Amino acid sequence: MNKIVEEVNKMSIEEQETKLREIYPEFFEKKEEKHEEKKGLPPLPKAEKGKVVTRFAPNPDGAFHLGNARAAILSHEYARMYDGKFILRFDDTDPKVKRPEPIFYEWIIEDLKWLGFKIDEIHYASDRLEIYYKYAEELIKMGKAYVCTCKPEEFRKLRDAGKPCPHRDEPVEIQLERWEKMLDGTYKEGEAVVRIKTDLNHPNPAVRDWPALRIIDNPDHPRTGDKYRVWPLYNFASAIDDYDLGVTHIFRGQEHAENETRQRYIYNYFGWEYPVTVHHGRLSIEGVILSKSKTRKGIREGKYLGWDDPRLGTIRALKRRGILPEAIRELIISVGLKRSDTTISWDNLAAINRKLIDPVANRYFFVADPIPMYIKGFEEEFTAKVPLHPDHPERGYRELKFTPEKPVYVSKDDLELLKKSEYIRLKDLFNVKLLEVSEGKIVAEFDSIEYEKAREQRWHMIHWVPEGKECEVIIPEGDELTVKKGLLEKDADVKVDDIVQFERFGFVRIDAIENGVVKAIFAHK
RNA sequence: GCCCCGGUGGUGUAGCCCGGUCAAACAUGCGGGCCUUUCGAGCCCGCGCCCCGGGUUCAAAUCCCGGCCGGGGCACCA
């Protein structure tokens with residue numbers, strides 16, 4: 001068995017394939033078929049082509065991150081899969097505790113577009129207050145909702161005991177009167193709340209007569225200012241909106257599972273059909289902070305540079321790190337609809353991203369922590385021509401010129417390798433014999449020019465640069481940010497936003513070019 | 001404490017609904033090799049998983065019960 005494996009390994013790939021086609025032709029057909037069938041999302045229950053409406057409903061109180069992206073991408077993906085409609089709805093109904101900020105409305109739209117979304121409709125819950133009022137009033141008239149003026153603690157006590165509060169069963173006229181007082185400002189913040197009637201013996205006390213609308217005295221809402229004082233709570237706004245906007249399928253985190261039981265009461269009272277819901281688990285990347293409050297805190301304390309700090313898991317941060325939107329999409333689709341939480345490793349994301357980036361990223365030499373290498377015995381100028389991409393020579397070449405008497409620079413990262421080697425090949429240049437190796441300088445002697453010799457002798461190969469421009473690579477590692485300073489080949493044609501590979505170093509995205517200094521952010525190996 | 005929901009290699013997912021074809025698949029990771037002027041890509045080989053205990057059954061990753069572990073919810077937040 002081992003012998004056969006050895007033999008096969010000795011053949012070239014073409015030989016292997018030809019042989020295989022000879023003895024086992026079906027293999028090739030089958031392989032292709034199998035590749036097709038996998039991947040992609042499972043079919044959606046009760047989904048009809050052209051009739052699926054999904055929505056993503058973020059609160060614009062922070063930047064969009066990978067965790068939110070799961071619900072967003074699934075929603076969008078299914079909308080497209082069934083030729084349906086995807087709605088973006090800003091759930092900006094809390095001007096107090098989770099205050100929306102104007103910038104995040106813009107960023108969320110921007111990030112969604114960057115991810116390749118086609119947004120069919122955009123709605124703002126804060127524009128829809130009158131709609132909520134209308135339905136609230138209807139529910140009150142139907143006797144399915146009431147205005148409660150209990151102190152929160154008192155209500156909680158009754159609720160936990162499964163008992164009705166004194167306002168619950170008062171006649172509709174009185175409820176409507178109080179509702180009016182909520183709207184006209186007679187009641188102040190904290191004095192009254194509209195509650196939806198539920199089963200008072202519901203096993204989960206938190207579901208019993210849950211609050212639907214509350215008063216906020218000086219909302220100073222970023223979009224509506226102080227125009228409205230009565231604001232719906234999440235469950236009410238969401239339930240009404242999903243119905244009113246015709247949403248058929250909802251994707252949200254499992255932390256919302258309990259909310260569904262609350263919202264269903266409204267649907268039942270009105271006789272509406274509840275959308276199909278998919279509750280997925282939480283998605284995170286190992287070691288990356290997604291929490292909005294932690295991020296905000298870190299920014300305030302100066303720990304993070306901003307919402308796009310490369311250590312963070314916001315979509316903007318991922319973008320800055322050179323992660324492609326398509327990679328994020330693929331990742332989320334591959335994780336799928338599972339209900340359990342998922343913590344993916346960077347390797348998983350990096351592997352997807354690398355497949356996308358590798359064919360397009362141009363190659364350059366970047367020498368981190370340069371050490372000069374003086375080379376004796378080669379007295380002419382010599383220009384190394386290196387392809388911008390090894391698999392695509394048609395894209396052109398870069399030229400690195402060796403000049404006698406002038407050192408070339410190699411990276412301190414290769415110091416150990418140099419110390420234990422007698423000979424080394426400078427990639428695309430020539431082979432040298434190492435005479436002296438230290439952290440401060442390296443002295444070498446020209447040996448030969450042929451690549452073949454280095455290969456036969458199994459000499460190691462390192463990258464180098466004759467002269468270069470200053471370059472800094474920011475490397476996010478967990479919660480740390482380290483900077484590698486070095487030299488990038490002088491004529492490297494890089495622009496901000498380019499994703500390139502620094503050979504033997506890794507893929508980076510060019511983040512800025514300031515005063516001739518190239519600043520890059522490390523993506524992955 | 002109460003109420004939900006989960007648990008398949010190091011990581012992520014498929015299989016579970018409808019028990020056998022699953023001594024378990026795919027990707028990533030790791031080890032080895034081939035190829036290659038990158039420690040990149042590609043190719044080949046290998047490593048490694050059904051949380052535990054009972055039960056039902058001719059047969060259980062799949063069904064049932066119990067346990068353990070993990071996550072979430074229990075706001076006049078979303």
Side-chain angles (χ1 to χ4, degrees), chain A residues 1-2 4-6 8-13 16-17 34-35 38-39 42 57-59 61 91-94 96-100 125 148 150-152 155-156 160 189-195 202-207 210-216 231 233-235 237-238 252-261 279 281-283 286 292 331 333-336 338-352 354-355 357-359 361 363 365 384 386-387 389-391 413-414 417 425-429 450-452 454-455 460-463 501-507 525:
Chain A
M1 173 73 108
N2 282 340
I4 294 172
V5 169
E6 241 172 74
V8 172
N9 275 343
K10 270 190 197 134
M11 296 192 232
S12 74
I13 292 155
Q16 287 180 20
E17 193 174 324
K34 258 202 169 152
H35 256 143
K38 247 304 125 54
K39 226 170 195 182
N59 178 4
D61 70 335
D91 272 0
D92 55 351
T93 55
D94 179 11
K96 221 181 156 186
V97 185
K98 287 189 177 169
R99 202 159 211 289
C148 166
C150 292
K151 292 247 179 303
F155 178 81
R156 207 167 303 139
D160 290 348
E189 184 167 333
E191 288 178 358
V193 67
V194 175
R195 294 188 178 282
H202 192 280
N204 185 352
V207 170
W210 54 273
L213 300 107
R214 82 319 202 160
I215 300 167
I216 292 170
W231 287 85
L233 273 323
Y234 166 76
N235 277 302
S238 191
R252 57 184 166 205
Q254 59 153 334
E255 68 270 20
H256 285 292
E258 215 100 54
N259 288 326
E260 181 174 334
T261 57
H279 290 113
R282 187 166 286 198
L283 174 68
E286 58 171 9
K292 282 182 194 170
L331 175 81
I333 289 173
S334 80
V335 169
K338 285 234 307 191
R339 222 174 154 102
S340 44
D341 290 354
T342 298
T343 304
I344 59 126
S345 69
W346 261 106
D347 286 337
N348 286 327
L349 217 203
I352 298 172
R354 184 161 39 231
K355 272 200 184 71
I357 276 177
D358 182 73
R363 269 59 169 170
F365 286 164
V386 194
H389 193 292
D391 304 332
D413 294 346
D414 286 322
L417 185 65
R425 178 166 181 86
L426 295 168
K427 187 170 181 278
D428 297 291
L429 190 68
E450 303 78 18
Y451 161 66
E452 288 71 19
R455 189 157 141 194
H460 287 286
M461 192 169 8
I462 62 169
H463 61 286
Q501 190 198 47
F502 288 170
E503 289 194 45
R504 304 208 314 132
F505 184 87
F507 292 93
K525 276 273 179 199

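Protein chains get the first letters and strands the later ones, always in sequence-line order, with residue 1 at the start of each. The model shown is predicted, which means the values in this text are computed figures rather than measured ones. For the numbers below, each heavy atom of this structure counts, side chains included, while hydrogens, waters and symmetry mates do not.
Contact annotation: side chain of A:Asp347 to base of B:G10, donor-acceptor pair absent below 3.5 Å. Checked by distance alone, A:Glu286 brings no side-chain donor or acceptor within 3.5 Å of a matching partner on the base of B:U11.
In this structure, A:Thr343 reaches the sugar-phosphate backbone alone: every heavy-atom distance under 4.0 Å involves primed, P, OP1 or OP2 atoms, never a base. Using a 4.0 Å heavy-atom distance criterion, A:Lys355 is classed as a sugar-phosphate-only contact. Within the 4.0 angstrom heavy-atom criterion, base atoms lie near A:Asp414. If you check every strand for non-hydrogen atoms under 4.0 Å, A:Arg363 touches a base.
Between the NE2 atom of A:His202 and the P atom of B:C2 there is a distance of 17 Å, rounded to whole Å. A:Leu331 has its CG atom 16 Å from the P atom of B:U11, to the nearest Å. When the P atom of B:U8 is taken as reference, atom CZ of A:Arg339 falls 16 Å away, rounded to whole Å. The NZ atom of A:Lys338 sits 12 Å away from the P atom of B:U11 (whole-angstrom rounding). The distance between atom NZ of A:Lys525 and atom C1' of B:G29, rounded to the nearest whole Å, is 15 Å.
Pairing for B:C63 is with B:G55, a Watson-Crick or G-U wobble pair whose two hydrogen-bonding atom distances lie under 3.5 Å. Pair assignment for B:C18 gives none, since no Watson-Crick or G-U wobble pairing has each distance under 3.5 Å. Here B:C74 sits opposite B:G1 as a Watson-Crick or G-U wobble pair (both hydrogen-bonding atom distances under 3.5 Å). Pairing of B:C69, defined by two Watson-Crick or G-U wobble distances under 3.5 Å, is identified with B:G6. Remark: B:A27 base-pairs with B:U11. Criterion, Watson-Crick or G-U wobble with two distances under 3.5 Å. For B:C43, the paired base is B:G33 (Watson-Crick or G-U wobble, both distances below 3.5 Å).
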Protein proximity profile, nucleotides 69-78 of chain B - base contact B, sugar-phosphate-only contact S, no contact -, cut-off 4.0 Å on heavy atoms: --BBSS-BBB
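Partners of A:Phe505 under the ring-ring contact (aromatic ring centres under 6.0 Å, His included) rule, at least two apart in sequence or in another chain, are A:Phe366, A:Phe522. Residues forming a ring-ring contact (aromatic ring centres under 6.0 Å, His included) with A:His202 (at least two apart in sequence, or on another chain): none.
Of the candidate nucleotides B:U28, B:G40, B:U37, B:U28 has the atom nearest to the side chain of A:Asn348.
Taking only side-chain nitrogens and oxygens, A:Arg354 comes nearer than 4.0 Å to OP1 or OP2 of B:G29. Not one side-chain nitrogen or oxygen of A:Ser334 sits closer than 4.0 Å to the OP1 or OP2 atom of B:A27.
Atoms CE and CZ, on A:Met461 and A:Arg425 in that order, are 7.0 Å from each other to the nearest 0.5 Å.
When the nearest nucleotides of RNA chain B are assigned to A:Gly336 and A:Phe502 by heavy-atom distance, the more 5′-ward of the two goes with A:Gly336.
With hydrogens and angles disregarded, no donor-acceptor distance shorter than 3.5 Å links the side chain of A:Ser238 to the backbone of A:Asn235.
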Test side chain to side chain contact (heavy atoms under 4.5 Å, CB included) applied to A:Arg99 and A:Asp61, step by step: CA-CA 6 Å; A:Arg99 202 159 211 289; A:Asp61 70 335; 5.9 Å; no
